[in-house]
Engineer: 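Structure in C-alpha cells, see below.
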Amino acid sequence: MSRNGPWLGVEQVADLLETHPEVVRRWLREGRLRGFKIGRAWHVPVDALPSSPSTDMPVNVLQGRVRRVDRAAGMAWVT
C-alpha cells in the first residue's frame, strides 16, 4: 500500500460512498476497505475506493431509526 499518494479521511469516504462514517470505520477494521491508521485517524488511499458497488460493501437503502439489532443474525429493525 502506498502511503505517499492522495488520502481521504473517513468522512470524505463516507460522503463519496453515500454511507455513514461509522460504516466506513467498520469496513476499515474488518479489512473490507484498504486503509491505514495514524494515531486515531484512518486514511484511505484514493485508489482503494471501489469503482462500483459490490457485495462486499453493502449499499444503504433504508433511512430511518434503528430500533433493534440482532448481530448474530446480521439484522436490524428500522422504522
Side-chain angles (χ1 to χ4, degrees):
M1 167 182 0
S2 170
R3 293 187 180 192
N4 297 326
W7 310 322
L8 298 174
V10 169
E11 289 77 17
Q12 293 168 310
V13 173
D15 286 343
L16 289 170
L17 298 178
E18 298 179 355
T19 191
H20 194 276
E22 191 53 42
V23 172
V24 173
R25 287 184 194 94
R26 184 176 67 233
W27 289 341
L28 287 161
R29 285 190 306 267
E30 293 174 351
R32 291 182 178 191
L33 183 62
R34 187 168 46 97
F36 55 94
K37 241 179 152 178
I38 297 177
R40 295 181 65 183
W42 280 99
H43 302 277
V44 179
V46 172
D47 63 355
L49 295 177
S51 57
S52 63
S54 70
T55 56
D56 291 338
M57 292 188 176
V59 177
N60 288 339
V61 294
L62 297 175
Q63 292 184 357
R65 185 177 207 137
V66 176
R67 297 295 180 186
R68 183 175 149 211
V69 175
D70 183 345
R71 293 188 188 279
M75 296 175 56
W77 286 258
V78 180
T79 57

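Values below: all heavy atoms of this structure, side chains included; hydrogens, waters and symmetry mates excluded. Here the structure is a predicted model, which means the values were calculated and not measured.
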Engineer: So V44 and V10, do their side chains get closer than 4.5 Å, heavy atoms only?
Structural biologist: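 In short, these two side chains do not touch, never coming nearer than 4.5 Å.
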Engineer: Give, for atom OG1 of T19 and atom CH2 of W27, the distance between the pair rounded to the nearest 0.5 Å.
Structural biologist: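 If we round to the nearest 0.5 Å, T19:OG1 and W27:CH2 are 4.5 Å apart.
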Engineer: So, do L49 and L8 sit near enough that their side-chain heavy atoms are less than 4.5 Å apart?
Structural biologist: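 They are in side-chain contact.
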Engineer: Rounded to the nearest 0.5 Å, how far does CG of D15 lie from NE2 of H20?
Structural biologist: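 Here the interatomic distance stands at 11.0 Å.
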Engineer: Can you see which heavy atom on P45 is nearest to which on G35, and at what distance?
Structural biologist: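 Between these two residues, the closest heavy atoms are CD-CA, 4.1 Å.
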Engineer: Tell me every residue that passes side-chain hydrogen bond (donor to acceptor under 3.5 Å, both in side chains) with E11, counting only those two or more places apart in sequence or in another chain.
Structural biologist: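 Applying side-chain hydrogen bond (donor to acceptor under 3.5 Å, both in side chains) to E11 gives R25.
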Engineer: Check whether any side-chain N or O of Q12 sits under 3.5 Å from a backbone N or O of G9 as a donor-acceptor pair, and report yes or no.
Structural biologist: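 Yes; judged by distance alone, with no hydrogens or angles, the pair exists.
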Engineer: Taking atom CH2 of W7 and atom CG of D47, what is their separation to the nearest 0.5 Å?
Structural biologist: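 It comes to 12.5 Å.
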